[in-house]
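Computed from a prediction, not measured in an experiment: that's the story for all the values here. In this chain, residues are counted from 1 in sequence order.
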Amino acid sequence: MSSPGQKAASDTVSKEELEIQELRSALESLTARLRTEQKSHNEELRQFAYTIAHDLREPIRMIASYTQLLERRYQAQLDDDGREFMRYILDAVQRMDRLLADLLTYSHQFHTSEQTPPSIQAEGALQGVLLNMEKTIRESGAEITYDPLPVLRFDFNQLSQLFRQLLANAITFRGTESPRIHISASEEGNSFTLAVRDNGIGIDPRYHEQIFGIFKRLHGREYPGTGIGLAICKRIVEQHGGKISVQSESGKGATFRITLPK
């Protein structure tokens with residue numbers, strides 16, 4: 001038979017356990033609601049960006065078509081200034097079309113999957129990208145090497161896109177020497193880290209966070225691009241529970257590191 005003191009202690013423990021259970025239940029409910037709201041907001045943003053980018057590309061292409069038609073039909077009547085103005089229009093239209101295409105790509109990254117990513121060979125994804133970029137690599141004189149890469153839980157197409165963006169970035173922002181790019185992998189605890197190192201123009205440490213923002217460009221029009229590529233990379237990595245960062249200094253190349261859970 002329990003004493004009054006033992007019964008009081010037992011009642012206290014039961015009350016504490018009940019409060020802990022209620023707290024856990026409330027926390028789980030709040031977490032589920034936040035996930036639902038985040039998914040809803042992501043889908044709204046995806047639809048908004050997709051609609052803008054998709055609908056704007058049609059009039060942009062029409063401007064390009066009629067500009068080219070005017071140039072062909074009235075070329076003999078145009079002086080040097082007129083032909084130069086036509087080139088300005090076409091250049092601006094092409095840049096806008098590339099920007100909208102990248103915005104479409106970015107909007108697709110807000111579509112979250114409920115399924116766990118499959119296990120894939122990272123090396124296979126990289127080899128496919130190298131094959132598709134063969135012409136760009138050859139024309140730039142780039143030398144791309146890589147170590148054995150691990151099996152990752154990752155969407156194959158998105159990993160391919162991640163490699164493609166980082167390699168294109170390294171080739172675009174090259175220095176006076178031909179691009180030298182190396183992809184490596186390391187394992188620590190419950191995570192893998194992929195590293196893409198180049199010998200390009202580098203990035204001032206002041207801008208290491210800024211470059212992952214959408215439409216963030218550090219070099220104006222002297223280098224091609226829309227300022228969305230690294231934002232796409234960041235979105236892809238975060239969707240898979242990872243983080244992306246850069247280690248770099250101006251004139252000393254850059255190393256992009258992607259840390260992913262096993």
Inset, instruction - Answer yes or no: is there a side-chain heavy-atom contact under 4.5 Å between Phe192 and Ile258? - result: no
Inset, instruction - Starting at CG of Leu260, measure out to CG of Asn190 and round the result to the nearest 0.5 Å. - result: 13.0 Å
Legend entry - Charged N-O contact under 4.0 Å between Arg87 and Glu71: no
Inset, instruction - Classify the side-chain pair Asp198/His182 by whether it contains a donor and acceptor separated by less than 3.5 Å. - result: no
Inset, instruction - List the atom of Ala122, the atom of Leu152, and the distance in Å for their closest heavy-atom pair. - result: CB-CD1, 3.9 Å
Legend entry - Side-chain touch Ile137/Glu134, heavy atoms, less than 4.5 angstrom: no
Inset, instruction - Tell me, please, which residues at least two apart from Asn157 pass side-chain hydrogen bond (donor to acceptor under 3.5 Å, both in side chains). - result: none
Inset, instruction - Taking the side chain as every heavy atom from C-beta outward, state whether Gln165 and Leu230 have any pair of such atoms under 4.5 Å apart. - result: no
Inset, instruction - Establish whether Leu162 and Phe156 are linked, either directly or via other cluster members, by ILVMFWY side-chain heavy-atom contacts under 4.5 Å. - result: yes
Legend entry - Audit row: Arg174, Ser140, side-chain contact (heavy atoms from CB on, under 4.5 Å) steps and yes/no: CA-CA 9 Å; Arg174 57 183 180 269; Ser140 67; 4.0 Å; yes
Legend entry - From SG (Cys233) to CD (Gln161), nearest 0.5 Å: 8.0 Å
Inset, instruction - Kindly give the heavy-atom pair with the smallest separation between Ala185 and Pro150, and that separation in Å. - result: CB-CD, 3.6 Å
Inset, instruction - Measure the shortest side-chain to side-chain distance between His240 and Asp155 over non-hydrogen atoms and say whether it is less than 4.5 angstrom. - result: yes
Inset, instruction - Measure the shortest side-chain to side-chain distance between Thr145 and Ile181 over non-hydrogen atoms and say whether it is less than 4.5 angstrom. - result: no
Inset, instruction - Start with the C-alpha distance between Arg83 and Asp79, add both sets of side-chain angles, then the distance that settles salt bridge (Lys or Arg N to Asp or Glu O under 4.0 Å), and finish with yes or no. - result: CA-CA 6 Å; Arg83 285 188 284 272; Asp79 58 11; over 6 Å; no
Inset, instruction - Verify, without hydrogens or angle tests, whether Asn199 (side chain) and Ser178 (backbone) share a donor-acceptor contact under 3.5 angstrom. - result: yes
Legend entry - Connected via hydrophobic side-chain network under 4.5 Å: Leu149 and Val151: no
Inset, instruction - Kindly compute the distance separating CE (Met62) from OH (Tyr66), expressed to the nearest 0.5 Å. - result: 6.0 Å
Inset, instruction - Decide yes or no for Phe163 and Ile183: does some side-chain heavy atom of the first lie under 4.5 Å from some side-chain heavy atom of the second? - result: yes
Legend entry - Pairwise distance CG(Leu130) to CZ(Arg164) - rounded to 0.5 angstrom: 11.0 Å
Legend entry - Whether over 12 other heavy atoms sit under 6.0 Å from Met133 CE: yes
Inset, instruction - Tell me, yes or no, whether the heavy-atom count around Lys262 atom NZ, taken from other residues, nucleotides or ligands under 6.0 Å, exceeds 12. - result: yes
Legend entry - Contact check, side chains of Leu126 and Leu167, non-hydrogen atoms, under 4.5 Å: yes
Legend entry - Side-chain donor/acceptor of Thr255 to backbone N/O of Arg197, under 3.5 Å: no
Legend entry - Same apolar cluster (I L V M F W Y, side chains within < 4.5 Å links), Leu90/Ile63: no
Inset, instruction - Over all heavy atoms of both residues, which pair between Val129 and Ser160 is shortest? Give the atoms and the distance, please. - result: CG2-O, 3.3 Å
Inset, instruction - Taking all non-hydrogen atoms of both residues into account, name the closest pair between Gly141 and Arg180 and its distance. - result: O-NH1, 3.4 Å
Inset, instruction - Given side-chain contact (heavy atoms from CB on, under 4.5 Å), test Val196 with Tyr146 step by step and report yes or no. - result: CA-CA 9 Å; Val196 180; Tyr146 57 91; over 6 Å; no
Inset, instruction - For the residue pair Met86 and Thr67, establish whether any side-chain heavy-atom pair is separated by less than 4.5 Å. - result: yes
Inset, instruction - Please lay out, stage by stage, how Asn169 and Phe256 fare under the test side-chain contact (heavy atoms from CB on, under 4.5 Å). - result: CA-CA 11 Å; Asn169 193 73; Phe256 286 88; 3.9 Å; yes
Legend entry - Exceeds 12 heavy-atom contacts within 6.0 angstrom, atom CD of Glu84: yes
Inset, instruction - Answer yes or no: does atom CD of Glu188 have more than 12 heavy-atom neighbours from other residues, nucleotides or ligands under 6.0 Å? - result: no
Inset, instruction - Might you point out which heavy atoms bring Glu238 and Lys234 nearest each other, and give the distance in Å? - result: OE2-NZ, 2.7 Å
Legend entry - Atom pair CZ/CD1 of Phe212 and Ile244 - distance to nearest 0.5 Å: 4.5 Å
Inset, instruction - Working to the nearest 0.5 Å, report the span between CZ of Arg235 and CD1 of Ile232. - result: 12.0 Å
Legend entry - Donor-acceptor pair, side chain of Arg61 and main chain of Glu58, under 3.5 angstrom: no
Legend entry - Heavy-atom pair with the smallest gap, counting every atom of Pro148 and Glu123: CA-OE1, 3.5 Å
Inset, instruction - Would you tell me whether Gln247 and Arg257 have side-chain atoms, one donor and one acceptor, within less than 3.5 Å of each other? - result: yes
